[in-house]
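These notes are about the structure you will find just below.
Naming: A, B, ... by sequence-line order, numbering from 1 per chain.
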Amino acid sequence: MHAYRTHTCNQLRAEHKGETVRISGWVHRKRDHGGLLFVDLRDHYGLTQVVINTDNPLFAQFEKLKLENVISVTGEVVLRTPETQNAKLPTGQVEVRLKAYELLSAPVTDMLPLQVNTDEPYGEEVRLKYRFLDLRREVIHRNIVLRSDVVYSMRRRMVEQGFREFQTPILTASSPEGARDFLVPARLHPGKFYALPQAPQQFKQLLMMSGFDRYFQIAPCFRDEDARADRTPGEFYQLDVEMSFVTQDDVFAVMEQVIGGVFEEFSNFTGTKFSVSKPPFVRIPYDESMLKYGNDKPDLRNPLVIVDVTSVFGRDDVEFKAFKGVIAKGGVVRAIRAPKVSDRPRSFFDKLNSWAQGEGAPGLGYVVFEGKQGVEAGSVREAAINAMEAHGVKVDHVKQAERKWLDAKGPIAKFIPAEALQALIELCGVQAGDAVFFACDMVDKAALLAGKARTKIAEEMDIIEKDCFKFCWVVDYPMFEINDKTGKVDFSHNPFSMPQGGLKALETQDPLKIKATQYDCVANGLELCSGGIRNHMPEAMEKAFEIAGYPKGAVQEKFGGMYNAFKLGAPPHGGCAFGIDRIIMMLAKEPNIREVIAFPMNQQAEDLMMSAPSTAEPHQLRDVHIKIDLPKAAVKEQVKAAG
RNA sequence: GCGGGUGUAGCUCAGUUGGUUAGAGCGCUUCCCUGUCACGGAAGAGGCCGAGGGUUCAAGUCCCUUCACUCGCGCCA
């Protein structure tokens, strides 16, 4: 018999009746009846009930075993009587009648800092410090298994699509753009540092220039930035992808198969089947997204859309000064139609108004449209229209005209005369019983507020679709933007993206009008991926950096390897990178990223289990030529700690 | 760096308007219990109420400072 187990704790069934088996695992739970003791033995695979009574000389000893001890149990598989079977357990038809057992771990004598056999929510500090205990608990244990399965599925799907996985350096050079780098002192080069890669961006492009055609990597990425609920400090993983001789459409086609497939495969993980967008995913130009959704990561589960109605409030016959003043300064008015809310109590509108004030807006103006939609039922007009329709006469325009009958109500309705109202009705597609909310400000701020209002209104109305993953690609990002702080032109996203129109566009067009071949993949309002077709032409690269205000020669200096490669035969190429942690969060429906990472750091970027970061020994610092120069507050802290 | 929330038993939490001896569940200890499966029952141990200062006759409760955790902002090409 095997030293530890003949079966796992999820294997035994009625058919094993009478067999002598050995199972190993943790003491999950005890039910002690005095003369009869049940122990649930738990391993990775499941639970099996072990039973022993006072007839057995081992009873007294076995009874004393504490929870979470690791034991092996040898015994006979016994069929439970029908009334004692447990339908909730896969192994619930049988139990193991103990003949012998062995304690395999050092005996657990300390009080457990957290209990494994409950799903009670525990404080993160305890969970992270005793992560190995926490990870034994069912929910997070399953999440980590999901993570493994998802990563495997990604690898399999990528390989099926003809990709190969490559490793790229972890110790590399600091990148001039982007987030703060993690630095590693170079012992052999006093005063110099390696940096951990924020992403393998240049390496994957260089692999394309090395002729490998299709690259992917489950790539660790390191960025020294502060944490969020959906962002770990320090490190995270991407499904990093790059392909040669491709257009944007080729990248989309591959990733829709891979990511769509992964989501479909695991969409039932929580027990609620989620629907997944079918390829091809909707494509939304950046400008359209900013207008219709108020951000560049539209949540398509929300049916509301934003419409520009500046033209309505700019009319001479509209007297609403609050908006007119802003329009005169170059501002815009954005509108959100909320269907069928006219019967909502006043508090519905007041709540949204005070919400907007909390967002820093003067308020959230609105107009409610009431009255009869179209033709009055049972009227002579209706009979006439029906008769015309029955004879094949087109009556749409007649019905359309009836919309004029809608009455406008609400605080700002009186400033909008009938004709302007009609224009508003046309623009927004208003029907009887709808309300229209307004956000008025300069373009960027109005879009932002309208976007938040769109979400808020839909939440209040409870009309956001549930149980689905709605994907889209946001495309045509601007290549450049004005940097708020400096007021100068800067790259708006990735300097490696090919500007649409190439070098010619850079030379002839207004930089702020140039679009990049740059795209994001968005699901349910979360950015899952960013990518682009790369700029592989050295001249275009230099020109782009020149426009962004870099001195001549900056490209050679910052990206020497890449620049050389560009000049020595670079294929057109592009790709993207999906955030793996976030994908798993979505599939597991976990609001916190630490629930899908086995050993995460806390918000202060500390590993409470390993005690990282920690101080270094003087000889270690000497080796790497580092002298510590602490800020005053930290000095005090260390002195205090030292006693 | 800034703002919000939280901090009470090993763990998860309750604790009213400031009022006399700070509670519950789980876990732990001892005992009873031979068909439970979140077993049940009896008794018990366990507290610097995060720390420091203040107000008050009286502070877990109010005020200030500080620390820790957490959420958000900044940051994240």
Side-chain angles (χ1 to χ4, degrees), chain A residues 28-42 47-56 59 63-64 66-68 78 80-89 91-92 95 97 108-130 133-134 137 175-181 198-199 201-202 221-234 236 360 477 479-481 483-485 490-497 516 518 527 530 532 544-545 548 558-559 577 579 591-592 594 602-604 606 608 631 633 636-637 640-641:
Chain A
H28 184 65
R29 193 171 273 135
K30 288 162 66 182
R31 289 176 294 281
D32 193 343
H33 293 244
L36 176 73
L37 168 66
F38 299 102
V39 165
D40 289 335
L41 198 64
R42 181 194 74 238
L47 289 174
T48 299
Q49 175 166 286
V50 175
V51 63
I52 181 173
N53 65 28
T54 39
D55 299 344
N56 191 320
F59 185 89
E63 192 186 25
K64 290 203 176 70
K66 301 219 189 310
L67 298 186
E68 297 307 310
V78 179
R80 300 200 208 176
T81 59
E83 69 276 12
T84 64
Q85 292 188 358
N86 185 349
K88 286 187 233 159
L89 278 185
T91 61
E95 60 197 3
R97 188 163 293 165
V108 176
T109 51
D110 292 349
M111 188 90 81
L112 294 173
L114 59 85
Q115 282 163 249
V116 175
N117 61 17
T118 72
D119 49 12
E120 214 175 328
Y122 282 87
E124 293 242 57
E125 205 172 350
V126 176
R127 293 183 57 200
L128 293 180
K129 183 164 180 191
Y130 298 96
L133 274 181
D134 189 33
R137 300 166 76 214
S175 61
E177 302 288 322
R180 202 177 289 114
D181 284 314
Q198 297 188 21
Q201 180 68 30
Q202 294 186 62
C221 303
F222 304 91
R223 296 178 192 176
D224 188 1
E225 295 297 336
D226 289 345
R228 291 288 181 276
D230 63 350
R231 198 172 77 199
T232 50
F236 61 98
Y477 273 79
M479 185 78 200
F480 302 100
E481 66 186 6
N483 184 316
D484 291 341
K485 286 171 201 152
D490 204 350
F491 288 114
S492 73
H493 280 81
N494 188 329
F496 298 111
S497 291
Q518 162 92 33
E527 179 195 320
S530 197
F545 273 77
K558 289 172 187 294
F559 312 108
N592 191 305
R594 291 187 290 275
N602 68 5
Q603 179 148 33
Q604 276 67 243
E606 297 163 311
L608 298 174
K636 249 188 255 167
E637 191 71 19
K640 217 188 330 173

Please give the distance between the C1' atoms of B:A24 and B:G19 as a whole number of Å.
22 Å

Any salt bridge between A:Arg31 and A:Asp40, counting N to O under 4.0 Å?
yes

Base, sugar-phosphate alone, or nothing: which one does A:Pro495 contact when heavy atoms must sit under 4.0 Å apart?
base

Under 4.0 Å: is that the gap between some side-chain N or O of A:Gln198 and OP1 or OP2 of B:C76?
no

Gap between atoms CG and P, on A:Asp119 and B:C13 respectively (whole Å)
13 Å

Between A:Asn602 and B:C69, is there a side-chain N or O to OP1/OP2 distance below 4.0 Å?
yes

Any side-chain N or O of A:Arg228 below 4.0 angstrom from OP1/OP2 of B:C75?
no

Partner of A:Phe545 by ring-ring contact (aromatic ring centres under 6.0 Å, His included), out of A:Phe496, A:Phe480, A:Phe491:
A:Phe491

Please state whether the phosphate of B:U70, meaning OP1 or OP2, lies under 4.0 angstrom from any side-chain nitrogen or oxygen of A:Asn592.
no

Between A:Ala516 and A:Met479, what is the shortest heavy-atom contact and its length?
CB-SD, 3.5 Å

When you compare B:U55 with B:C62, how far apart are their C1' atoms, in angstrom units rounded to a whole number?
8 Å

Going by heavy atoms in the side chains, are A:Arg42 and A:Asn117 under 4.5 Å from each other?
no

Counting any heavy atom closer than 4.0 Å, what does A:Asp32 reach on the DNA or RNA strands: base, sugar-phosphate only, or nothing?
base

Partner nucleotide of B:A22 by Watson-Crick or wobble geometry (both distances under 3.5 Å)
none

For B:A38 versus B:G27, give the span between their P atoms, rounded off to a whole number of Å.
13 Å

Name the nucleic acid region contacted by A:Leu112, choosing base, sugar-phosphate or nothing; use a 4.0 angstrom heavy-atom cut-off, strictly under.
sugar-phosphate

Hey, which of these two, A:Glu63 or A:Glu120, hits RNA chain B nearer its 5' end, going by closest nucleotide?
A:Glu120

Is there side-chain contact between A:Arg127 and A:Arg594, with heavy atoms separated by less than 4.5 Å?
no

Under 3.5 Å, is there a donor-acceptor pair between the side chain of A:Gln85 and the main chain of A:Arg80?
yes

Taking any strand in view, what nucleotide pairs with B:U34 in a Watson-Crick or G-U wobble way, both distances under 3.5 Å?
none

Report the base-pairing partner of B:C2 (Watson-Crick or G-U wobble, both distances below 3.5 angstrom), or none.
B:G72

A:Lys129 NZ - B:U70 C1' separation (whole Å):
18 Å

Hey, is the main chain of A:Leu47 close enough, under 3.5 Å, to the side chain of A:Thr91 for a donor-acceptor pair?
yes

Partner of B:G7 under the Watson-Crick or G-U wobble criteria, both distances under 3.5 Å, comes out as B:C67

Gap between atoms NZ and P, on A:Lys30 and B:C26 respectively (whole Å)
16 Å

Measure distances between side-chain N and O atoms of A:Thr118 and base N and O atoms of B:U12, and say whether any donor-acceptor pair falls under 3.5 Å.
no

Can you tell which of B:C69, B:G10, B:C28 lies closest to the side chain of A:Gln115?
B:G10

Less than 4.5 Å apart, side chain to side chain, heavy atoms only: is that true for A:Leu67 and A:Val108?
no

May I have the distance from A:Arg97 (atom CZ) to B:G35 (atom C1'), rounded to whole angstrom?
11 Å

Heavy-atom donor-acceptor pair, A:Arg231 side-chain to B:C76 base, under 3.5 Å:
yes

How would you label the contact of A:Arg594 with the nucleic acid (heavy atoms, under 4.0 Å): base, sugar-phosphate, or nothing?
sugar-phosphate

Do the side-chain N and O atoms of A:Asn602 and A:Glu125 include a donor-acceptor pair separated by under 3.5 angstrom?
no

Mate of B:C62 where both pairing distances stay under 3.5 Å, Watson-Crick or G-U:
B:G54

Side-chain heavy atoms of A:Glu124 within contact of A:Gln603, under 4.5 Å:
no

Interface polar pairs with nucleotides 44-46 of chain B, N/O, under 3.5 angstrom:
none

Suppose we define a pair by two distances each less than 3.5 Å, Watson-Crick or G-U wobble; what does B:A14 pair with here?
none

Over how many whole Å does the gap from A:Asp230 atom CG to B:U70 atom C1' extend?
15 Å

Enumerate all atom pairs, one protein N or O and one N or O from nucleotides 36-38 of chain B, separated by less than 3.5 Å.
unit_1 : atom_1 : unit_2  : atom_2 : d
B:U36  : O4'    : A:His33 : NE2    : 3.4
B:U36  : O2     : A:Arg31 : NE     : 2.6
B:U36  : O2     : A:Arg31 : NH2    : 3.4
B:U36  : O2     : A:Gln49 : OE1    : 3.4
B:U36  : N3     : A:Gln49 : OE1    : 2.9
B:U36  : N3     : A:Gln49 : NE2    : 3.0
B:U36  : O4     : A:Gln49 : NE2    : 2.8
B:U36  : O4     : A:Arg80 : NH1    : 2.9
B:U36  : O4     : A:Thr84 : O      : 3.3
B:C37  : O4'    : A:Arg31 : NE     : 3.0
B:C37  : O2     : A:Gln49 : OE1    : 3.3
B:C37  : O2     : A:Asn86 : ND2    : 3.1
B:C37  : N3     : A:Arg80 : NH1    : 2.7
B:C37  : N4     : A:Arg80 : NH1    : 3.3
B:C37  : N4     : A:Thr84 : O      : 2.3
B:A38  : OP2    : A:Lys88 : NZ     : 3.3

Take the protein atom CG of A:Leu37 and the nucleotide atom P of B:G40, then report the distance between them rounded to whole Å.
15 Å

Got a donor-acceptor contact below 3.5 angstrom from the A:Glu225 side chain to the A:Arg180 backbone?
yes

Find the distance A:Gln604:CD to B:C69:C1' and express it as a whole number of Å.
7 Å

Contacts of A:Phe38 meeting ring pair (Phe, Tyr, Trp, His ring centres under 6.0 Å) (sequence neighbours excluded), chain-then-number -> A:His33

Between B:G23 and B:G46, how far is it from one C1' atom to the other, in whole Å?
14 Å

Scan A:Thr81 against the nucleic acid and name what it touches under 4.0 Å (heavy atoms): base, sugar-phosphate only, or nothing.
nothing

Phosphate OP1/OP2 of B:A68 contacted by A:Gln603 side-chain N/O (<4.0 Å):
no

Of B:C69, B:U70, B:C75, the nucleotide closest to the side chain of A:Glu225 is B:C75

What is the distance, rounded to the nearest whole Å, between atom CZ of A:Arg127 and atom P of B:A68?
21 Å

